[in-house]
Amino acid sequence: MTDTTDSTALPVPVRSIALLSLAAFASAATARVADPLLPQVAEEFGTSIAAASVVATGFTLAYGLCQVIYGPIGDRWGKYTLIAAMTVLSALGTGLAALAGDLATLGGLRLISGATAAAIIPLSMAHIGDIVPYEVRQPVLARFMSGQIMGVIAGQAAGGALGEWIGWRGVFLALAAAYVGIGALLLRELRSPRVVQHRNAVSMAGLVSNFIALARTPRVRLVVGVVFVEGMLFFGGFTFVGAYVRQAYGLGYTAIGALLAAFGIGALVYTTTAARVVKALGQRNMVLAGGVLLALAFAAFALSPPWWLLPLPIAVCGLGFYLFHNTLQTQATQMAPYARGVAVSVFASCFFLGQAAGVALGGPLAEAVGYPPLFLLAGATLPLLAALFRAKI
């Protein structure tokens, strides 16, 4: 493996990025599998949906907090190396979660799972930022994100269908097996000349200086601030769509998982058309279009349409979210090229801490006022956030 600093001279290593996309699949599936499983976990442990949401918040909280650790380690020792190692370790916490005997233990193991999976997607983005020129990076990132999106689909669909068939414990065991297989492929790829890693041996003083420089950069403050609020608003509402469908329509877990999987279908529409969309709309209009689509989708949830119409607004959520979020991701890969791993990790940290805050606030709010007001609140504020960001970029 050769270190380099000239990404413009390198061809895009399709195989290496495809394997990163597989790892992103497992990470995203592990995160989103909690959405359809919330009612099942609540029923097994005899608790409320708000209390059971620890299976979501535990993962996302650890995921967010660990970013500031993995960014500097990835910059120093190699991002691809760290991704491969953490993919293998993710099998442990995910597999042990299947053995949890109480909700507190399950929450703790989800915390561990989030801590290990935290390295995968953000460092993959930073690695792509290292080796792919900025002018062609957004379509490459979109193709990489196809793995994450398929993971969202698999997590939500399998969380419902497999959860009903083999239980939530079986679902976690299946995810652990996926981590083992993908980790083995990554470790094998790591020995090939296709993996070119950037390493930046920064001292502790230099690391502190990098964090201070990031905090002082207006562009960084804008991007990470917006992604925190985006994660809080979107997932503070969308995480509870499965519980809402269970309560309002009485559907089984298989049906709930199938409905939620429509999110990934909408997201795939974006990834397969990303190059044309970027050219036609540009980043500023993509952000605004995403915010408007999210507002329409959440408003549709609040109107309680017939259950068979729900895949449409859920798919619109997927399309709108990635129009907004992928633009933020692309901005994040370029907001501090001198410390890309640290910068992207700070970005991801804020995104997942925003998710954890949104879910923690959304559960009690839904119990207090109901799901439709929660959806309306998220839907009304997301386009305002998009308009604010559009005006600044």
Side-chain angles (χ1 to χ4, degrees), residues 24-25 27-29 31-32 34-35 56 60 63 121-122 125 138 141-157 223 226-242 259-274 277-278 281 283-301 310-332 347-348 350-352 354-356 358-359 362 374-390:
F25 169 92
S27 179
R32 296 272 62 86
D35 299 351
T60 54
Y63 197 113
I121 294 175
M125 290 167 48
Q138 187 153 2
L141 280 171
R143 289 192 292 273
F144 157 76
M145 295 302 290
S146 295
Q148 179 186 358
I149 292 163
M150 293 303 296
V152 170
I153 296 173
Q156 292 169 330
V223 173
V226 169
V227 83
F228 177 89
V229 179
E230 178 210 30
M232 181 177 67
L233 294 175
F234 179 76
F235 287 99
F238 189 77
T239 298
F240 298 98
V241 170
L259 288 173
L260 291 176
F263 176 89
I265 302 301
L268 283 175
V269 170
Y270 168 71
T271 61
T272 56
T273 60
V277 170
V278 172
L281 295 181
Q283 291 188 351
R284 298 176 74 248
N285 290 328
M286 286 170 63
V287 166
L288 187 59
V292 171
L293 288 176
L294 290 173
L296 293 173
F298 277 111
F301 296 146
L310 286 174
L312 179 58
I314 292 174
V316 170
C317 266
L319 175 59
F321 175 75
Y322 279 96
L323 279 168
F324 194 152
H325 189 68
N326 190 241
T327 303
L328 285 170
Q329 287 176 320
T330 305
Q331 293 271 328
F347 170 86
C350 289
F351 178 51
F352 277 88
Q355 286 188 42
V359 175
L374 176 66
F375 298 146
L376 288 173
L377 177 62
T381 47
L382 279 164
L384 297 178
L385 178 68
L388 172 65
F389 185 65
R390 180 183 183 275

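Please read these numbers as outputs of a predicted model, since none were measured by experiment. Starting from 1, each residue takes its place in the sequence as its number.
- For the pair A297 and P313, the tightest heavy-atom approach, listed with the atom from each and the gap, is CB-O, 3.3 Å.
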Output side-chain donor-acceptor pairs under 3.5 Å for residues 286-294, partner residues at least two apart or in another chain, one line each.
none

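- A distance of 5.5 Å separates CZ of F228 from CE of M232, quoted to the nearest 0.5 Å.
- Counting only heavy atoms from C-beta outward, the side chains of V269 and Y322 never approach each other to under 4.5 Å.
- Heavy-atom minimum distance, Y270 versus A142: CE2-CB, 4.3 Å.
- The side-chain contact (heavy atoms from CB on, under 4.5 Å) search around A29 returns L175, not counting sequence neighbours.
- The OG1 atom of T272 sits 9.0 Å away from the CD1 atom of I149 when rounded to the nearest 0.5 Å.
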Stepwise, does the side-chain contact (heavy atoms from CB on, under 4.5 Å) test hold for T327 with R284?
CA-CA 8 Å; T327 303; R284 298 176 74 248; over 6 Å; no

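- Atom-to-atom distance recorded for L233:CG and F298:CZ is 9.0 Å, nearest 0.5 angstrom.
- Distance check: F347 CZ to Q331 CD gives 9.5 Å after rounding to the nearest 0.5 Å.
- In this structure, the side chains of F351 and F235 come closer than 4.5 Å at one or more pairs of heavy atoms.
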Evaluate the criterion side-chain contact (heavy atoms from CB on, under 4.5 Å) for residue pair R32 and T239; output intermediate values, then yes/no.
CA-CA 8 Å; R32 296 272 62 86; T239 298; 3.9 Å; yes

Distance-only check: which donor-acceptor pairs under 3.5 Å involve side-chain atoms of residues 381-389, not counting sequence neighbours?
from, atom 1, to, atom 2, distance (Å)
T381, OG1, L377, O, 2.8
T381, OG1, A378, O, 3.2

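- L319 contributes atom CG, which lies 10.0 Å from atom CZ of F263 (distance to the nearest 0.5 angstrom).
- One distance of note links CG of L310 with CG of L260; it measures 9.5 Å at 0.5 Å rounding.
- The aromatic ring centroids of F238 and F321 lie 6.0 Å or more from each other.
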Quick one: do L268 and I153 satisfy side-chain contact (heavy atoms from CB on, under 4.5 Å)? Show the steps, please.
CA-CA 10 Å; L268 283 175; I153 296 173; 3.8 Å; yes

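- Taking the six-membered ring where the residue is Trp, the centroids of H325 and F234 are separated by 6.0 Å or more.
- A pairwise comparison of heavy atoms in S27 and I121 identifies OG-CD1, 4.0 Å as the closest pair.
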